[in-house]
2 protein chains.
Amino acid sequence: MRLSTKGRYAVTAMLDLALNGQDGPVTLSDISENQGISLSYLEQLFAALRAKKLVRGVRGPGGGYFLGRDADEISIANIICAVDEWVEFTRCQGKEDCRGGQRCLTHSLWDDLSRQIYEFIEEISLADLVRRGQESNHGCHKEKPASTLGEISGQAA
Amino acid sequence: MRLSTKGRYAVTAMLDLALNGQDGPVTLSDISENQGISLSYLEQLFAALRAKKLVRGVRGPGGGYFLGRDADEISIANIICAVDEWVEFTRCQGKEDCRGGQRCLTHSLWDDLSRQIYEFIEEISLADLVRRGQESNHGCHKEKPASTLGEISGQAA
DNA sequence: TTATTACTTAGTAAAACACTAGGAATTTAA
DNA sequence: TTAAATTCCTAGTGTTTTACTAAGTAATAA
């Protein structure tokens with residue numbers, strides 16, 4: 001399995017899409033600006049996501065991207081697999097010699113572990129993440145309500 | 001976070017060490033031959049593993065490597081972190097602008113997810129993997145039951 | 001018809017990967 | 001004391017992956 005920054009870009013973009021795609025399609029320009037990812041790189045990522053039907057593109061002015069299906073039906077594993085090419089590691093699928101079982105033992109143990117991690121992130125959907133963002137207040141600077149901002153800054157100064 | 005083939009090599013090598021290191025140190029030559037990993041690459045990986053005290057080297061003839069501590073006390077996360085440099089992704093730790101919170105929202109959501117995956121593989125120890133390998137009969141050519149690691153962290157398979 | 005968007009392809013600098021090469025330091029055994 | 005085995009260290013290298021720039025083509029709304 002592979003889980004790298006590329007997968008993170010894809011998850012981030014899909015998350016942006018899920019968050020902002022309620023009232024219409026979201027353009028890659030928007031995501032690019034929102035998330036600080038180059039437009040052309042996003043286009044490449046979305047080519048892969050589209051191939052796996054995770055997003056649906058609409059051309060022309062007012063166009064952009066929709067989620068390919070409900071956010072509940074898109075797992076993190078789906079997204080990462082789409083862009084990262086989930087590789088099978090063991091090359092000894094009945095072909096290679098097994099070195100007295102040693103080599104294959106570790107291979108199958110890794111396979112099992114790999115499968116476990118996969119099944120773990122397959123259980124987490126895009127909707128789960130969005131829900132979690134709505135419940136607790138995430139954010140960099142913990143934005144204070146505008147009303148209290150004046151008083152705080154007034155006291156500080 | 002990153003989880004690539006490099007981490008897999010490290011886990012595989014550590015697994016080999018755990019399996020064969022009962023009666024004395026295991027040489028990198030052995031692991032190299034067993035697992036099909038180049039000796040010099042193993043040396044680089046083990047330099048990182050040694051820096052994190054996950055292995056202990058013994059020089060000279062009859063030397064080799066021991067696990068740095070009990071296999072129960074070494075998690076998969078430990079191993080992967082040692083060689084893969086668990087990177088923090090969000091670059092907006094109070095510094096960068098938050099684009100109205102959008103950018104940071106997705107960043108913190110990714111952080112949460114990343115942390116979950118980390119905590120998941122932190123729960124799995126080298127000893128867990130070895131135990132699983134002893135219980136069920138792993139091997140190349142034998143058809144495996146669906147998942148032999150099912151109960152490892154209470155996750156339903 | 002024009003602007004806007006998705007889509008496509010080619011190229012590229014930088015990093016990571018996995019390895020080769022050549023040694024130095026340490027220790028065991030002949 | 002010498003030779004061999006092993007860890008340990010550093011430098012270099014071809015390949016792949018990243019993340020990006022550039023330059024288009026195709027479809028569509030206004």
Side-chain angles (χ1 to χ4, degrees), chain A residues 1-13 17 20-21 24-33 35-68 80-87 89 91, chain B residues 1-13 17 20-21 24-33 35-68 80-87 89 91:
Chain A
M1 84 167 272
R2 174 181 298 157
L3 185 47
S4 64
T5 52
K6 193 177 178 183
R8 173 228 170 187
Y9 277 122
V11 172
T12 300
L17 203 54
N20 298 322
V26 182
T27 69
L28 291 189
S29 298
D30 288 342
I31 300 179
S32 171
E33 204 178 340
Q35 305 301 331
I37 309 170
S38 96
L39 177 58
S40 215
Y41 193 42
L42 276 176
E43 283 172 341
Q44 286 173 42
L45 294 178
F46 273 69
L49 294 171
R50 187 162 32 82
K52 293 285 172 62
K53 314 252 187 191
L54 296 179
V55 296
R56 182 168 50 87
V58 179
R59 291 182 174 190
Y65 278 96
F66 289 103
L67 290 181
I80 290 173
C81 277
V83 300
D84 255 342
E85 298 294 348
W86 197 274
V87 249
F89 280 139
R91 325 175 189 103
Chain B
M1 82 168 274
R2 174 181 299 156
L3 184 48
S4 63
T5 52
K6 194 176 178 184
R8 173 229 171 186
Y9 277 124
V11 172
T12 299
L17 202 53
N20 297 323
V26 181
T27 68
L28 292 189
S29 299
D30 287 342
I31 300 180
S32 172
E33 204 178 339
Q35 304 303 329
I37 309 171
S38 97
L39 176 59
S40 216
Y41 194 43
L42 274 176
E43 282 172 342
Q44 287 171 41
L45 293 178
F46 272 69
L49 293 171
R50 186 163 32 82
K52 293 287 171 61
K53 314 248 186 196
L54 295 180
V55 295
R56 183 168 50 87
V58 178
R59 291 182 174 189
Y65 279 97
F66 288 103
L67 289 181
I80 290 172
C81 278
V83 300
D84 255 342
E85 297 295 347
W86 198 274
V87 252
F89 279 141
R91 324 173 187 106

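Every value quoted in this text rests on a predicted model; they were computed, and no experiment measured them. To find a chain, count down the sequence lines: A is the first, B the second, and so on, and within it residues start at 1.
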**OP:** Please name the pair of heavy atoms, one in Pro25(B) and one in Gly62(B), separated by the smallest distance, quoted to 0.1 Å.
**Re:** CG-O, 3.2 Å
Original post:
In whole Å, what is the span from the CG atom of Leu39(A) to the P atom of dT21(D)?
Top reply: 9 Å
**OP:** Treat primed atoms plus P, OP1 and OP2 as sugar-phosphate and everything else as base, then score nucleotides 11-17 of chain D 5' to 3': B for base contact with protein heavy atoms under 4.0 Å, S for sugar-phosphate contact only, - for none.
**Re:** B------
Original post:
Touch check for Tyr65(B), heavy atoms < 4.0 angstrom, all strands: base, sugar-phosphate only, or nothing?
Top reply: sugar-phosphate
Original post:
Out of curiosity, Leu17(B) CG to Arg56(B) CZ, how far, rounded to the nearest 0.5 Å?
Top reply: 10.5 Å
Original post:
Atom OH of Tyr41(A) and atom P of dC7(C): how far apart are they, to the nearest Å?
Top reply: 18 Å
**OP:** Round to the nearest Å and state the distance from Leu42(A) atom CG to dT8(C) atom C1'.
**Re:** 16 Å
**OP:** Nearest whole angstrom, please: distance from the P of dT7(D) to the CG of Leu45(B).
**Re:** 14 Å
Original post:
Is the phosphate of dA18(C), meaning OP1 or OP2, less than 4.0 Å from a side-chain N or O of Thr5(B)?
Top reply: yes
Original post:
Is the side chain of Ser38(B) donor-acceptor paired with the backbone N or O of Tyr41(B) at a distance under 3.5 Å, no angle test?
Top reply: yes
Original post:
Side chains of Leu42(B) and Tyr9(B): closer than 4.5 Å at any heavy-atom pair?
Top reply: no
Original post:
How far does OH of Tyr65(A) sit from OG1 of Thr27(A), to the nearest 0.5 angstrom?
Top reply: 10.5 Å
Original post:
Is the distance from OP1 or OP2 of dC7(C) to the nearest side-chain N or O of Arg50(A) less than 4.0 Å?
Top reply: yes
Original post:
Among Val26(B), Val55(B), Val58(B), whose side chain to side chain contact (heavy atoms under 4.5 Å, CB included) with Phe66(B) holds?
Top reply: Val58(B)
Original post:
Atom CZ of Phe46(A) to atom P of dT5(C): distance rounded to whole Å?
Top reply: 15 Å
Subject >> CZ on Arg50(A) to CG on Leu45(A), rounded to 0.5 Å >> reply: 12.0 Å
Subject >> Heavy-atom side-chain proximity of Leu67(A) to Leu54(A) below 4.5 angstrom >> reply: no
Subject >> Per Ile37(B) side chain, nearest of listed nucleotides dA6(C), dC19(C), dC9(D) >> reply: dC19(C)
**OP:** If a protein heavy atom is under 4.0 Å from the base, mark B; if only from the sugar-phosphate, S; if neither, -; do that for nucleotides 23-30 of chain C going 5' to 3'.
**Re:** --BBBB--
Original post:
When the distance from CZ of Phe66(A) to C1' of dA6(C) is rounded to whole Å, what number comes out?
Top reply: 13 Å
Original post:
NA contact type, Leu28(A), heavy-atom cut-off 4.0 Å: base, sugar-phosphate, or nothing?
Top reply: sugar-phosphate
Subject >> Residue pair Ala82(A) / Ala48(A): nearest heavy atoms and the distance that separates them >> reply: O-CB, 3.6 Å
